[in-house]
Amino acid sequence: AMEKSYVCMFLLLIVISCALAKDAGKKDAKDTTAKPKLPQTLSRGWGDQLIWTQTYEEALFRAKHSQKPLMIIHHLEDCPHSQALKKVFAEHKDIQKLAEKFILLNLVYETTDKNLAPDGQYVPRVLFIDPSLTVRADITGRYSNRLYAYEPSDISLLYSNMQKALKLLKTEL
């Protein structure tokens, strides 16, 4: 359990975490009746209408063959920061629409590929990989000590990074 706790030690201020925790408690009660969930387990709540790959290997294969960029989201079910990012990601209409242009993978465990942890194994982190199977080190969040980390307040940056990943693709291939 050691590594799990350090993975989740993250740069959010305690204040923000507390505020988020309060919100999360409120929403659960009413959600169960809202709409029937699709039997889609691979999304893990990041976008149930989207098509998600099951493994890193499958994702790489599909990125290469479809010539679409791959977006990988590393997260943990019991990490409040992962949960908070997931919520804004899933509810962001433009992101959900744009995500259809990507091969998608979300992971609740670390892969053995060191390229997926260029600056450490923290969560949540989001990496983009182009169809030549290169991790895009040039598409980063706003934290210099956690390059691929995003907070809920960074959701518009994540959106523009997704646009950037698609744009780079057009100019380079």
Side-chain angles (χ1 to χ4, degrees), residues 1-13 17 40-47 50-90 95 98-173:
M2 234 329 263
E3 65 193 318
K4 225 179 193 181
S5 55
Y6 100 80
V7 168
C8 200
M9 271 189 341
F10 197 53
L11 42 137
L12 272 187
L13 300 170
S17 301
Q40 159 67 291
T41 50
L42 291 175
S43 79
R44 296 190 182 91
W46 288 87
L50 297 166
I51 297 163
W52 295 85
T53 49
Q54 192 156 8
T55 63
Y56 180 43
E57 292 68 29
E58 181 199 344
L60 289 175
F61 179 85
R62 287 179 48 181
K64 194 179 167 134
H65 289 273
S66 66
Q67 293 297 299
K68 288 179 172 181
L70 162 60
M71 177 163 68
I72 298 187
I73 304 169
H74 289 268
H75 63 111
L76 286 175
E77 296 293 357
D78 57 0
C79 168
H81 311 297
S82 297
Q83 292 299 335
L85 184 64
K86 178 197 295 194
K87 186 178 182 330
V88 295
F89 185 93
I95 278 187
L98 198 59
E100 294 172 7
K101 296 180 160 60
F102 288 81
I103 301 298
L104 299 167
L105 177 66
N106 70 77
L107 294 174
V108 284
Y109 54 86
E110 285 297 339
T111 63
T112 51
D113 187 338
K114 292 287 165 275
N115 295 313
L116 292 188
D119 63 347
Q121 299 189 336
Y122 50 87
V123 292
R125 69 180 193 279
V126 181
L127 290 105
F128 294 94
I129 297 178
D130 67 29
S132 74
L133 306 189
T134 306
V135 174
R136 299 307 306 224
D138 52 348
I139 306 181
T140 57
R142 63 188 178 94
Y143 306 101
S144 53
N145 61 334
R146 292 276 188 272
L147 292 175
Y148 306 97
Y150 297 86
E151 290 179 17
S153 58
D154 303 324
I155 198 71
S156 57
L157 174 60
L158 181 53
Y159 179 61
S160 65
N161 277 350
M162 288 168 73
Q163 292 174 307
K164 189 171 162 187
L166 290 164
K167 218 183 263 113
L168 285 170
L169 199 62
K170 292 209 184 13
T171 56
E172 288 177 8
L173 290 181

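Values below: every heavy atom of this structure, side chains too, minus hydrogens, waters and symmetry copies. Fair warning: this is a prediction, and the values are worked out from it, not measured in the lab.
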Measuring from [X]:[atom1] to [Y]:[atom2], what's the distance to the nearest 0.5 Å?
{"X": "N106", "Y": "H75", "atom1": "CG", "atom2": "NE2", "answer": "3.5 Å"}
{"X": "K64", "Y": "D130", "atom1": "NZ", "atom2": "CG", "answer": "11.0 Å"}
{"X": "R142", "Y": "S153", "atom1": "CZ", "atom2": "OG", "answer": "5.0 Å"}
{"X": "L157", "Y": "M162", "atom1": "CG", "atom2": "CE", "answer": "12.0 Å"}
{"X": "L116", "Y": "R125", "atom1": "CG", "atom2": "CZ", "answer": "7.0 Å"}
{"X": "L127", "Y": "R136", "atom1": "CG", "atom2": "CZ", "answer": "12.0 Å"}

Would you mind telling me which of V135, I129, L104 makes a side chain to side chain contact (heavy atoms under 4.5 Å, CB included) with I72? I129
Only one of T55, L70, L42 forms a side chain to side chain contact (heavy atoms under 4.5 Å, CB included) with L105, so which one is it?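 Only one of T55, L70, L42 forms a side chain to side chain contact (heavy atoms under 4.5 Å, CB included) with L105, namely L70.
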Could you pull out the closest heavy-atom pair between [X] and [Y], with the gap in Å?
{"X": "N115", "Y": "D113", "answer": "N-OD1, 2.7 Å"}
{"X": "C79", "Y": "V123", "answer": "SG-CG2, 4.1 Å"}
{"X": "A63", "Y": "P131", "answer": "O-CB, 3.6 Å"}
{"X": "A165", "Y": "F102", "answer": "CB-CE2, 3.9 Å"}
{"X": "G45", "Y": "A90", "answer": "O-CB, 3.4 Å"}

Taking the side chain as every heavy atom from C-beta outward, state whether [X] and [Y] have any atom pair closer than 4.5 Å.
{"X": "Y143", "Y": "D154", "value": "yes"}
{"X": "Y122", "Y": "Y148", "value": "yes"}
{"X": "K164", "Y": "F128", "value": "no"}
{"X": "I155", "Y": "I95", "value": "yes"}
{"X": "D138", "Y": "L168", "value": "yes"}
{"X": "M71", "Y": "L98", "value": "no"}

Has K101 got more than 12 heavy atoms of other residues, nucleotides or ligands less than 6.0 Å from its NZ?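 No.
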Parallel, tilted or perpendicular: ring planes of W52 versus F89, cut at 30 and 60 degrees: tilted
N-O pairing of E77 and K86 below 4.0 Å: yes
E58 vs I103, side-chain contact (heavy atoms from CB on, under 4.5 Å): CA-CA, chis, key distance, verdict: CA-CA 10 Å; E58 181 199 344; I103 301 298; over 6 Å; no
side-chain contact (heavy atoms from CB on, under 4.5 Å) assessment of V108 paired with R44: CA-CA 9 Å; V108 284; R44 296 190 182 91; 3.9 Å; yes
